[in-house]
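Okay, so here's the structure we're looking at.
As a basis for the values below, the full set of heavy atoms in this structure was taken, side chains included, without hydrogen atoms, waters or symmetry mates. Note that ligands are numbered from 1 as they come in the structure, with each ligand's atoms numbered from 1 the same way.
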Amino acid sequence: MKIVRTVNELVTITDALKDNNKKIGFVPTMGYLHEGHTTLMDESKKYADVLITSIFVNPLQFGPNEDFERYPRDEERDQKIAEQHGVDILFMPTVDQMYPQDSTVAIQVKKRTEVLCGKSRPGHFDGVATVLTKLFHLTKADFAFFGLKDAQQVAVVKRLIDDFNFSIKLVAVPTVREVDGLAKSSRNVYLSEQERDEAVHLHKALRTAQQLMIDGEKNPVMIIEEVKKYIETNTSGQIDYVDLLSFPSLNKIDNIDQQIIIAVAVQFTKARLIDNIIINENGTVPKVII
Ligand code: AMP
């Protein structure tokens, strides 16, 4: 595995790879790698000749009162994990490498962001789209792998790729969970022991909602209320949002008659956790999402 820290070196390498007709798979991350990330890496091996993973905690996608400074970081451990999962090129740029001077141009995401995390985190998806635009150019990826744990990100990136004509196939990978159902996340380390026990109820609340749909419930308001009640009863966290929307267009709907997402965000003392499920109108899980 080659560790690359500068934009120039990465471009030299990816130019050569393209000259040799190599298919490039790309897994963007913010590091503190866990099985959610490594599943994306393993998936890339099925599609591409070469795997590039980036580790970059992107300041543009954090709000002023968010956890940019204390986002967990462990370069050495990440390097070992990446190597074990067949990463060929690990791109770990500094902020100066990615944003060398005051930027003049940034991407603005105009749809799919007025709800869920986009609503709670203004500017977040502009930051995501801006850094990905740069990373897509630098890596020259043919395939890019994203986790459905961040389903709104998948919905936004799909349109970034389509609208800006990137020749990249987005592969969306199902959420990887702990044995008890908690979605794996770098931020889980910031849960207290009690919160860790409670956090499993985010997933359980979503499963309860799914069961309601299997039983024939078509009213989003009923389902949202049940999910809220479940989380309030079973956790000490503060609900940021619970919503049910069409997926991937992320529109509000009055009646469940299409593929939907039920998404939650809950603020615990030191970690804000998100989770979601994407299901068909009858409550079954779609085989292919996006
Ligand atoms: P992050 O480092 O949190 O920015 O995540 C990098 C990529 O890993 C994103 O595409 C995430 O959606 C994905 N990811 C993070 N956690 C999980 C998970 N539990 N299951 C699947 N993908 C995940």
> Which of the numbered atoms in ligand 1 are below 4.0 angstrom from a heavy atom of Lys184?
Replying inline: 16 (N), 17 (C), 18 (C), 19 (N)
>> With clusters defined by side-chain heavy atoms of hydrophobic residues (ILVMFWY) lying less than 4.5 Å apart, directly or transitively, does Ile253 cluster with Ile224?
In response: yes
> Counting from 1, what ligand 1 atoms have a heavy atom of Tyr71 closer than 4.0 Å?
Replying inline: 3 (O)
> Does Glu35 come within less than 4.0 Å of ligand 1, judged by its heavy atoms?
Replying inline: no
> Numbering the atoms of ligand 1 from 1, which are under 4.0 Å from a heavy atom of Pro174?
Replying inline: 21 (C)
> Ser185 to ligand 1: N or O pair under 3.5 Å?
Replying inline: no
> Should Ser186 be counted as touching ligand 1, given the test is an N or O pair under 3.5 Å?
Replying inline: no
> In terms of ring plane angle, is the pair Phe68 and Phe62 parallel, tilted or perpendicular, where the classes change at 30° and 60°?
Replying inline: perpendicular
> Side-chain donor-acceptor pair under 3.5 Å between Asp96 and Thr94, yes or no?
Replying inline: no
> Which is closest to atom 15 (C) of ligand 1 by heavy-atom distance: Met30, Met41, Gln61, His34?
Replying inline: His34
> Which ligand 1 atoms are under 4.0 Å away from a heavy-atom of Val176?
Replying inline: 18 (C), 19 (N), 20 (N), 21 (C)
>> I need the atoms of ligand 1 closer than 4.0 Å to a non-hydrogen atom of Pro28, numbered in the order shown.
In response: 6 (C), 7 (C)
>> Contact between Ser192 and Thr269 at the side-chain level, heavy atoms closer than 4.5 Å - yes or no?
In response: no
> Against heavy atoms of Gln153, which atoms of ligand 1 measure under 4.0 Å?
Replying inline: 9 (C), 10 (O)
> Hey, is Asp240 close enough to Arg272 for a salt bridge, meaning N to O under 4.0 Å?
Replying inline: yes
> Are Leu116 and Tyr241 close enough that some pair of their side-chain heavy atoms sits under 4.5 Å apart?
Replying inline: yes
> Is the ring centre of Phe145 less than 6.0 Å from the ring centre of Tyr47?
Replying inline: yes
> Starting from atom 12 (O) of ligand 1, which protein heavy atom do you reach first, and at what distance in Å?
Replying inline: Asp150 OD2, 2.6 Å
> Taking atom CD of Gln211 as the centre, does the number of heavy atoms from other residues, nucleotides or ligands within less than 6.0 Å exceed 12?
Replying inline: yes
> Can you find an N/O atom of His37 closer than 3.5 Å to an N/O atom of ligand 1?
Replying inline: yes
> What about Phe146: any of its N or O atoms under 3.5 Å from an N or O on ligand 1?
Replying inline: no
> Short N/O distance, under 3.5 Å, between Gly147 and ligand 1?
Replying inline: yes
>> With a 6.0 Å cut-off (strictly less than), is the heavy-atom count around NZ of Lys184, excluding the residue itself, greater than 12?
In response: yes
>> Is it the case that the ring center of His137 lies less than 6.0 angstrom away from the ring center of Phe166?
In response: yes
>> With the threshold set at under 4.0 angstrom, would you say Leu40 reaches ligand 1 through any of its heavy atoms?
In response: yes
